[in-house]
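The residues of the chain are indexed from 1 along the displayed sequence.
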Amino acid sequence: MGSTDLMGTAEDFADQFLRVTKQYLPHVARLCLISTFLEDGIRMWFQWSEQRDYIEATWSCGYFLATLFVLFNLLGQLGGCILVLSRNFVQYACFGLFGIIAMQTIAYSILWDLKFLMRNLALGGGLLLLLAESRSEGKSMFAGVPTMGESSPKQYMQLGGRVLLVLMFMTLLHFDASFFSILQNIVGTALIILVAIGFKTKLAALTLVVWLFAINVYFNAFWTVPAYRPMHDFLKYDFFQTMSVIGGLLLVVALGPGGVSMDEKKKEW
């Protein structure tokens with residue numbers, strides 16, 4: 001009975017937390033979710049010439065096209081972030097950011113780097129959750145179209161988003177034999193599976209948020225590395241990508257798992 005009591009207490013705490021933070025949580029979630037695009041857009045501004053030269057050298061596409069690529073990245077990411085945060089044309093902003101993820105995946109040859117590819121897919125998962133949230137506000141682009149049941153595409157977006165968040169988590173697993181790493185992997189994997197199948201979703205996602213945030217601040221402390229060292233940029237990139245996934249998990253906490261989940265099916269039983 002002890003573990004059931006403990007679970008009950010933990011769920012009560014999660015519900016209490018949600019009641020208190022209800023009006024702030026979606027805003028915090030959205031800010032975290034787009035933080036990686038925000039950081040990358042700002043980086044394009046400050047590293048304009050390096051980024052342009054890199055694209056020009058890699059793709060031999062000429063000065064003009066390379067400049068266009070960097071400009072599109074900069075405006076697309078910052079514009080998308082502004083729209084998402086101001087709650088205007090969120091669906092179009094999400095599609096634009098999807099496009100930028102796809103473009104970067106090809107342009108920076110991420111397709112052949114499994115870790116980065118999985119992270120980009122996880123970012124896409126976060127955007128899917130954002131898209132589902134914007135649909136739930138009734139500002140659907142397909143306003144006149146009748147939907148089956150409780151807006152079916154939205155449920156599948158939420159499922160897809162949750163499953164893709166798993167990929168990000170897999171890139172954070174540490175394959176070494178230390179006790180802490182093994183414990184971290186087991187606990188984290190159990191929680192992320194619960195989030196993916198949608199069982200005790202809010203509690204699992206909330207626990208994962210706290211845990212990922214602690215790991216992120218500990219392992220990706222880019223502010224402790226001097227800016228001129230390449231490691232600074234790597235850690236910064238990792239830090240904001242993890243923050244985006246935390247944002248995705250916070251959206252799961254705020255919105256619940258959606259119709260295609262164990263939590264919903266349990267209500268029917």
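- Tracing side-chain contacts under 4.5 Å through hydrophobic residues (I, L, V, M, F, W, Y), one reaches L249 starting from F219; they form part of the same cluster.
- Closest non-hydrogen pair, G76 versus L97, comes out as O-CD2, 4.0 Å.
- S35 OG to D40 CG: the interatomic distance, rounded to the nearest 0.5 Å, is 11.0 Å.
- Put simply, the side chain of F37 reaches to within 4.5 Å of the side chain of L127, judged on heavy atoms.
- Between V195 and T201 the shortest heavy-atom distance is O-CG2, 4.2 Å.
- Going from atom OG1 of T58 over to atom CG of D53 covers 10.0 Å, rounded to the nearest 0.5 Å.
- F72 is listed as a side-chain neighbour of I100, based on a closest heavy-atom distance under 4.5 Å.
- Hydrophobic clustering places M231 together with W223 (ILVMFWY residues linked when any side-chain heavy atoms are closer than 4.5 Å, directly or through intermediates).
- The CZ atom of R119 sits 9.5 Å away from atom OG1 of T36, with the distance rounded to the nearest 0.5 Å.
- Checking R30 against H27 by side-chain atom types alone, a donor-acceptor pair falls below 3.5 Å.
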Under the side chain to side chain contact (heavy atoms under 4.5 Å, CB included) rule, what do N216 and M243 come out as? Steps first, then yes or no, please.
CA-CA 8 Å; N216 201 20; M243 284 310 290; 3.6 Å; yes
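- Using a 4.5 Å heavy-atom cutoff, the side chains of Y108 and M103 are not in contact.
- Between R87 and V90, the closest heavy-atom pair is NH1-CG2, 3.3 Å.
- Two residues are said to be in side-chain contact when any heavy atoms from C-beta on lie closer than 4.5 Å; I197 and R162 fail this criterion.
- Taking the centre of each ring, F213 and Y218 stay at or above the 6.0 Å mark.
- Under the 4.5 Å side-chain heavy-atom criterion for grouping Ile, Leu, Val, Met, Phe, Trp and Tyr, Y92 is not connected to I82 through any hydrophobic cluster.
- Between the CD1 atom of I101 and the CD atom of Q77 there is a distance of 9.0 Å, given to the nearest 0.5 Å.
- With hydrophobic clusters built from ILVMFWY side chains whose heavy atoms lie under 4.5 angstrom apart, F179 shares a cluster with V187.
- Rounding to the nearest 0.5 Å gives a distance of 7.5 Å between CG of L123 and CG of L33.
- No side-chain heavy atom of M157 sits less than 4.5 Å from a side-chain heavy atom of L129.
- Between F222 and F239, the ring planes lie perpendicular to each other; the angle is over 60°, past the 30° to 60° tilted range.
- Across all non-hydrogen atoms, the minimal contact from V163 to A196 is CG2-O, 4.4 Å.
- Side-chain atoms of W45 do not come within 3.5 Å of backbone N or O of L74 as any donor-acceptor pair.
- Distance CZ/F199 to CG/L194: 7.0 Å, rounded to 0.5 Å.
- When all heavy atoms of G188 and L208 are compared, the pair lying nearest together is O-CD1, 4.3 Å.
- You'll find the side chain of Y228 stays beyond 4.5 Å of the side chain of H232, heavy atoms only.
- E39 is linked by a side-chain hydrogen bond (donor to acceptor under 3.5 Å, both in side chains) to R43, counting only residues two or more places apart in sequence or in another chain.
- Across all their heavy atoms, G126 and L251 have their closest contact at O-CD1, 4.5 Å.
- Cluster annotation: F234 and V225 are assigned to distinct hydrophobic clusters (Ile/Leu/Val/Met/Phe/Trp/Tyr, side-chain heavy-atom contacts under 4.5 Å, transitive).
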Going through the distances and angles, do C61 and I55 end up as a side chain to side chain contact (heavy atoms under 4.5 Å, CB included)?
CA-CA 8 Å; C61 58; I55 292 296; 4.0 Å; yes
Stepwise side chain to side chain contact (heavy atoms under 4.5 Å, CB included) test for V28 and C32:
CA-CA 6 Å; V28 174; C32 289; 4.2 Å; yes
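- The closest side-chain donor-acceptor pair between Q104 and N73 falls under 3.5 angstrom.
- You'll find the side chain of K202 stays beyond 4.5 Å of the side chain of V252, heavy atoms only.
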What's the verdict on side chain to side chain contact (heavy atoms under 4.5 Å, CB included) for T242 and I215, showing C-alpha distance, side-chain angles and the deciding distance?
CA-CA 9 Å; T242 310; I215 287 177; over 6 Å; no
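- Contact check for W59 versus Y54: no side-chain heavy atoms found under the 4.5 Å cut-off.
- Not one N or O on the side chain of R52 forms a donor-acceptor pair closer than 3.5 Å with the backbone of T67.
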